[in-house]
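Just so you know, ligand 1 is whichever comes first in the structure, and atom 1 is the first atom listed for that ligand.
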Amino acid sequence: PVKLSVDGQEIQTKKNTTIEKLLKEQNKSYFLPYHLPQLAAIKNQNCPLLNIVEVDGRIVHAKMLKNLMVKEGMVIKTKSSLIEKKLNERLSWLKEKDNCYLIKKLQELVICEAENAGLISKEKIKEQKITGWISAPSILYDPELCIRCGSCVDTCKTIQTAEAIVLDKEKGIILDESKCVRCGQCIHACPMGKEINAVKVFKKAFGCETCAYSRPLGAIREIDQVQEVINVLQDPEKFVVVEFAPSIRASLGEEFGLEPGSLVTHKLYAALRKAGFDKVWDTNFTADLTIIEEGTELILRLIKAGILSKDELPPDLNINEHAIEEVSSALPQFTSCSPGWVKFCETFYPELIPNISSAKSPQQMLGPIAKTYAAKKLGIDPKKMVVVSIMPCTAKKYEREREEMCDAFKYWQEKGEVNNKFQDVDYVLTTRECAKLLKILGIDLKKMPEEEADPLIGKYTGAATIFGRTGGVMEAALRTAYELITGTPLEKLEFEDLGSLEGIKKASIKLGNKEIKVAVAHGLSNARKICESIKQGNGFKDYVFIEFMACPGGCIGGGGQPIPTNPTTVKTRTTALNTDDKKCALRKSHENPEVKQVYSDFLKEPVSKLAHHLLHTQYID
Ligand code: HC1
């Protein structure tokens with residue numbers, strides 16, 4: 001038996017009893033007396049902020065009690081001066097006229113504390129006595145909200161096979177930062193983000209439809225940069241541009257109460273313009289550009305490996321000798337746009353790094369193109385340009401920060417125009433943060449008119465939009481590679497087998513008189529299976545191209561997507577992207593008129609010296 005005290009009374013109970021069970025047995029209530037009319041509305045909603053007990057001198061929210069075990073000598077209080085102080089504090093907010101004030105206070109209490117601390121630095125977290133960890137610059141762990149259920153640990157181990165976190169019942173979740181790929185799947189696993197949603201309860205009670213804080217709050221969350229983006233939008237010295245990922249158009253609506261799978265592309269262009277961005281561009285544009293660069297790189301690797309001969313190719317496909325020199329000869333070529341996957345490969349399979357395409361991801365192509373080509377065309381000082389990227393992915397925050405992602409700076413430095421280093425992309429917000437930003441600015445996405453992206457680097461084809469779901473990059477690349485290699489248009493544009501939700505998909509495609517084999521994997525446990533088999537030399541030997549996405553379902557299942565992200569929402573978002581593809585008048589990347597313009601006015605040809613300099617990278621981790 002375990003001896004402990006409840007409200008000053010010594011009691012004995014069995015080992016392995018939860019505090020919740022004990023308090024029930026003792027007939028102890030820790031729920032608020034709902035005497036205030038406002039609170040009556042939220043009665044029985046189990047609001048974690050108001051239903052609290054004191055355990056060993058610390059305030060613990062009711063919801064956590066079912067996971068906390070009794071311990072020898074524990075002191076539990078359901079009434080105490082500390083509880084009273086906290087409740088008075090919280091209830092006094094209700095006296096304010098504006099109901100949203102209460103929500104703001106809630107935000108101050110639970111969200112700001114950790115998030116604002118997390119976005120600055122580890123030191124700052126220490127200063128503010130946040131006891132959790134951060135996996136910089138993407139993810140933050142707040143032990144105060146953690147119920148020690150271990151769901152995140154299971155996800156990291158079984159779905160992602162990274163095993164970057166372990167559960168310690170006392171301390172909570174412990175991180176091995178060297179293994180963390182920043183994919184953020186742990187965020188979706190956290191039940192606190194799904195179940196304990198105090199703010200939703202208040203939203204229901206007070207009807208704050210577009211309240212900035214109406215989103216779930218998990219113990220693991222992204223490191224929030226919303227305030228920094230608001231600051232930069234208010235800076236008259238800056239020229240702030242925005243890009244958003246393919247999958248955002250099929251998921252952001254959920255944060256505004258729209259059905260999963262609602263396409264909000266054109267409303268989002270309008271909303272971002274209203275938010276004050278000087279140019280609203282689209283990562284889909286650079287997804288098309290990526291296909292040209294990555295597809296050409298594949299052709300070059302195939303020539304280098306002797307699988308294709310220059311003589312068999314159409315004469316108008318200019319094969320540049322310099323480009324053949326530049327590319328790696330390793331096959332199969334791996335896609336490079338999912339930064340969680342790239343980090344996984346660097347960490348667990350460094351011997352396969354030469355297989356990763358040197359083409360940067362679309363996010364990282366838009367930054368340097370904006371700060372060179374577009375800045376020149378618009379007459380904007382590149383030092384003043386700030387690129388904000390809206391992504392479904394926590395690892396994109398990490399990708400933007402990588403040492404080598406500063407090619408616009410190098411471009412201008414070589415011309416003697418700049419001295420101080422700047423990154424190609426300046427801020428990355430997740431889908432959830434984007435919703436928060438718009439809500440803080442009082443913008444309701446649902447009510448926005450339909451507008452277009454800004455010209456220059458805003459147009460896209462159907463091939464770009466399917467990047468956001470598993471198999472999409474491969475399908476888009478095949479649509480273009482087929483025409484480049486055979487010189488004839490591809491009749492049927494969908495490669496159905498590649499777009500399904502199977503973990504590993506394989507296909508063979510006839511390109512002229514050559515049959516090539518390709519594969520697609522999503523979720524890192526599937527990526528690991530392929531890497532192991534290549535490493536051991538017993539599989540994928542004759543494959544030429546493999547698409548890897550870190551998250552199940554691809555980016556539509558990304559760690560920064562609305563909660564819940566589960567097989568059902570992943571499916572509906574996938575269908576929406578496929579619909580968007582079919583609605584596009586142009587469905588092949590090489591048909592994008594703005595992409596053609598970038599080549600004719602600036603880059604000259606795919607994998608040219610300049611394209612290589614700005615749009616390709618070397619993995620140096
Ligand atoms: Fe993705 Fe990509 S598709 S990586 O999945 O190549 O995050 O949506 O933006 O960069 O375009 C993510 C999505 C995204 C990039 C593109």
Problem set entry | Distance-minimising heavy-atom pair for E433 and Q225 | OE2-N, 2.7 Å
Exercise. Just which atoms of ligand 1 are under 4.0 Å from any heavy atom in A287?
Worked result: 11 (O)
Exercise. Taking the six-membered ring where the residue is Trp, are the ring centres of Y411 and Y373 under 6.0 Å apart?
Worked result: no
Problem set entry | Pair listing, side chain to side chain donor-acceptor pair (under 3.5 Å) test, anchored in residues 468-483, at least two apart | R469-E475, R469-N578, T470-K505, E475-R479, R479-D581, T480-H590, E483-K588, E483-H590
Exercise. Take atom CD in E351; do more than 12 heavy atoms of anything else shown fall under 6.0 Å from it?
Worked result: yes
For this session: Give every protein N, O or S atom lying under 2.8 Å from atom 1 (Fe) of ligand 1, naming each by residue and atom.
Result: C555 SG
Problem set entry | Distance-only side-chain donor-acceptor flag, Q561 / T431, under 3.5 Å | yes
Exercise. Does NZ belonging to K571 count more than 12 external heavy atoms closer than 6.0 Å?
Worked result: no
